[in-house]
Amino acid sequence: MLLETTPDTSAFMIAGYTVAFVVMGLYVASLFIRNRNLDRDAEMLKTLFEAESSPSSKKEAGKSAKKPAPKKKSVSKKK
Amino acid sequence: MQKRPILLTMLDVVSVIMLAISTYLALFYAPTELVMGDVQRVFYFHIGTAWTALLGFIFAAGAGITYLVTKDLRWDRVGVAAVEVSTVFFLITIMLGSIWAYPAWNTWWTWDPRLTSAAITELIYAAYFMLRQGIDDVEKRARFGAIYTIIGGISAPLTFMSIRWAQSRTIHPVIIGAENATAKGDFSMTPDMLTAFLFALLAFTIIFIDLLWNRIRLESKQSEVDQLKMKVTN
């Protein structure tokens with residue numbers, strides 16, 4: 001039997017394009033969020049690395065290594 | 001961290017414009033198909049995403065081969081990026097196909113050779129990410145990933161050819177190449193439909209390249225962050 005009129009399938013078309021745009025939008029958003037998080041992580045790690053590798057922090061690290069358990073001494077003096 | 005290239009920003013803008021024009025052509029410029037009605041318009045995005053996804057899977061296989069030859073981790077990043085973008089595009093292809101199938105075939109899904117091979121391809125690449133997550137060693141992960149994409153890459157041409165090789169057992173229409181007598185929902189393209197179709201192919205190719213580039217940059221950034229973490233912890 002031949003179809004006399006074109007069926008109204010516009011709801012399926014709208015559903016299809018909605019799905020396509022939502023999936024693409026979510027993917028682009030995920031790329032954006034991951035990129036932002038990595039930028040933050042990189043900044044934080046750079047700050048940490050610079051703080052650890054700076055000469056002042058190295059000196060402090062060296063001093064603390066030479067002084068064995070300073071807290072215990074002060075506690076025993078008080079007693 | 002590397003500065004964002006101006007060419008990439010331009011490509012982002014071009015991609016958005018191309019997507020907008022392609023949507024306009026598909027929804028308003030191309031004529032309504034007489035037998036199926038408006039649902040036929042999803043065909044432009046369906047083929048556009050399928051084309052780029054299958055090419056992307058083959059490209060990832062190529063990147064895998066290049067990694068195995070050169071041992072350069074940059075090719076591993078290219079492979080991951082290509083697989084991820086292609087998997088997203090192929091998911092859109094399958095979902096659009098299912099939405100089109102309901103009014104055309106009166107079912108959302110059938111175990112037709114094309115639909116089955118497409119589902120298997122998508123699952124193969126979903127498993128690729130699980131495989132990568134399970135391996136901590138960078139070199140080992142890259143090597144296994146490369147081999148996987150090479151083997152997985154075979155599924156792309158198989159999916160494309162499935163409706164051409166199994167013409168008597170499939171109801172999926174063949175748009176490019178010989179027509180299928182058993183197809184349900186087949187149609188002849190008018191010149192305006194062909195314009196919208198070819199533009200969609202071009203638009204999705206550009207969008208794919210843009211997303212791929214962005215994703216490769218993200219992977220490179222991840223690698224830099226991992227190296228910084230190593231430095232800080234050591």
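Every chain is numbered from 1 and lettered A, B, ... according to where its sequence line falls, protein lines coming before strand lines.
Of the inter-residue distances, the one linking A:Asn35 atom CG with B:Asn214 atom CG reads 8.0 Å to the nearest 0.5 angstrom. Here the CZ-OH distance, from A:Phe12 to B:Tyr102, works out to 6.5 Å after rounding to the nearest 0.5 Å. Atom OG1 in A:Thr47 sits 10.0 Å away from atom CG in B:Leu228 (nearest 0.5 Å). The CZ atom of A:Phe32 lies 12.0 Å from the CG atom of B:Leu218; values are rounded to the nearest 0.5 Å.
Of all heavy-atom pairs between A:Met24 and B:Leu19, the closest is CE-CD1, 4.1 Å. Among all heavy-atom pairs drawn from A:Ser10 and B:Asp38, the shortest one is CB-OD2, 3.6 Å. Contact detail for A:Pro7 and B:Leu34: the closest heavy-atom pair is CD-O, 3.9 Å. Of all the heavy atoms in B:Gly37 and A:Thr6, the pair that sits closest is CA-CG2, 3.4 Å. Residues A:Tyr17 and B:Leu96 share a closest heavy-atom pair of N-CD2, 4.5 Å.
Contacts between A:Tyr27 and chain B at a heavy-atom distance below 4.5 Å involve the side chain alone, from C-beta outward. Proximity to chain A (any heavy atom under 4.5 Å) is restricted, for B:Ile92, to the side chain, taken from C-beta onward. Contacts between A:Val28 and chain B at a heavy-atom distance below 4.5 Å involve the side chain alone, from C-beta outward.
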Practice task
Kindly determine whether B:Arg215 and A:Leu31 satisfy side chain to side chain contact (heavy atoms under 4.5 Å, CB included), including the steps that lead there.
Solution key: CA-CA 7 Å; B:Arg215 185 63 185 82; A:Leu31 284 180; 3.6 Å; yes
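Between B:Thr23 and A:Phe21 there is a side-chain heavy-atom pair separated by less than 4.5 Å.
Residue with the most contacts toward chain A among B:Glu33, B:Arg217, B:Gln222: B:Gln222 (heavy-atom pairs, distance under 4.5 Å). Between chain B and the options A:Ile14, A:Val19, A:Asp41, the largest number of non-hydrogen pairs under 4.5 Å is found for A:Val19.
Across B:Lys229, B:Gln227, B:Lys231, a single residue satisfies side-chain contact (heavy atoms from CB on, under 4.5 Å) together with A:Leu45, and that is B:Lys229.
Salt-bridge check for A:Glu43 with B:Lys221: failed, with every basic side-chain N at 4.0 Å or more from each acidic carboxylate O.
More than 12 heavy atoms of other residues, nucleotides or ligands shown are found within 6.0 angstrom of CZ on A:Arg34.
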